[in-house]
Amino acid sequence: ARNAAGDGSSAYNFDRTTNCAPSCDCVLCELKDVYDSPEVTSLLSKIVNIELGKTNTTFASRYNANHFLSSHTDTDRGALGVVYYINSNWNSTWGGLLHIQDERQKLEEVICPEFNSIGLFTLPKAHFVSQVANYSKWPRYNHVAWYDKQKEEYDKLPRDKEDFEE
C-alpha cells in the first residue's frame, strides 16, 4: 500500500467493518438508522444545502500505528461524506488527521478527530488521512457514512444512451 501511495495511486492501510446482514441489530446498524432518520437527514441537508436521501454506505474504521488513507476522490459514493469521531483525547501529533483538498489538490481544511464530533464534506472531493504515528497511545476509530441525493434529483439525470441528446 505504501508503494502505491508513493506513486500517487489511491491506497490505504486500515481496518474496516464489512456489511452486516439485513436483519442485524448491532450498534453499527443502529447508528446507520440514526443517520437515516428524518431528523438527522434534514439537519445535514440544511447544513450543506443539498437535499439528501438515505445513506448508501456506512462502516467503522480503525487506524492502528502506521495506518493511513492516501489522497483519493470518492467519485461514485454519493453527495455527502460524514465522519463521526469516536476516540476521546486524540492528540493531533499522533496523525490520523482528515485532510480535505481543493480541485488542485491543495489543502483546503484539516480535521483533527475530536471525540463525539463529525466532519462533513461534499462529494466528490479529494481527501486523505495522514499516517498514524507509531507512538500513538491507541488506535484511531471513526464511523463513516456516505449519503445519496434525494431520489427525485437522480430521476432527472439521463440513464440510457437514448436519454442523451446528440
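Note: hydrogens, waters and symmetry copies are ignored here, and every other heavy atom, side chains too, is used.
- How far NZ of Lys46 is from CG of Leu52: 12.5 Å, rounded to the nearest 0.5 Å.
- Shortest non-hydrogen contact noted between Ser117 and Glu114 is OG-O, 2.6 Å.
- Side-chain atoms of His67 and Asp15 include no donor-acceptor pair closer than 3.5 Å.
- Between Phe59 and Trp146 there is a side-chain heavy-atom pair separated by less than 4.5 Å.
- Ile50 has its side chain out of reach of Leu80: every pair of non-hydrogen atoms, C-beta onward, lies at least 4.5 Å apart.
- For CG of Asn91, the number of neighbouring non-hydrogen atoms (other residues, nucleotides, ligands) closer than 6.0 Å is greater than 12.
- For Thr41 (side chain) and Pro38 (main-chain N/O), no donor-acceptor pair under 3.5 Å exists by modelled atom type.
- Around CG of Asp76, the count of heavy atoms belonging to other residues, nucleotides or ligands within 6.0 Å does not exceed 12.
- The closest donor-acceptor contact from the side chain of Trp90 to the backbone of Gly95 lies under 3.5 Å.
- Pairing each heavy atom of Cys26 with each of Cys24, the nearest pair is N-SG, 3.3 Å.
- Considering OH of Tyr85 and CD1 of Ile118, their distance stands at 10.0 Å, rounded to 0.5 Å.
- Within the 3.5 Å criterion, the main-chain N or O of Val144 finds no donor-acceptor partner in the side chain of Thr58.
- Put simply, the side chain of Val129 reaches to within 4.5 Å of the side chain of Arg140, judged on heavy atoms.
- Checked by atom type and distance alone, the side chain of Asn87 pairs as donor or acceptor with a backbone atom of Tyr141 at under 3.5 Å.
- Interatomic distance, His143 NE2 to Leu28 CG, rounded to the nearest 0.5 Å: 4.5 Å.
- In this structure, Phe128 and His99 have side chains that are in contact, with non-hydrogen atoms separated by less than 4.5 Å.
- Within the 4.5 Å cutoff, side-chain heavy atoms of Ser92 are placed close to those of Leu97.
- At least one side-chain heavy atom of Leu43 sits less than 4.5 Å from a side-chain heavy atom of Ile47.
- Proximity of a side-chain donor or acceptor of Tyr147 to a complementary backbone N or O of Tyr35 within less than 3.5 Å is detected.
- Heavy-atom minimum distance, Lys137 versus Trp94: CG-CZ2, 3.6 Å.
- Using a 4.5 Å heavy-atom threshold, the side chains of Phe121 and Ile111 count as separate.
- A side-chain contact (heavy atoms from CB on, under 4.5 Å) with Gln101 is found for exactly one of Glu103, Gln105, Arg104, namely Gln105.
- Linking ILVMFWY side-chain heavy atoms closer than 4.5 Å, directly or via other members, places Val27 and Val34 in two distinct hydrophobic clusters.
- Ring-plane geometry between Tyr63 and Phe14 is classed as parallel, the angle between the planes falling under 30 degrees on a 0 to 90 degree scale with a further cut at 60.
- Using modelled atom types, no side-chain atom of Thr75 and backbone atom of Pro124 make a donor-acceptor pair closer than 3.5 Å.
- Side-chain atoms of Asn134 do not come within 3.5 Å of backbone N or O of Asn66 as any donor-acceptor pair.
- Here the CD1-CZ distance, from Ile86 to Arg62, works out to 12.0 Å after rounding to the nearest 0.5 Å.
- A distance of 7.0 Å separates NZ of Lys125 from CG of Asp102, quoted to the nearest 0.5 Å.
- Note: Thr55 OG1 to Arg77 CZ = 13.0 Å, rounded to the nearest 0.5 Å.
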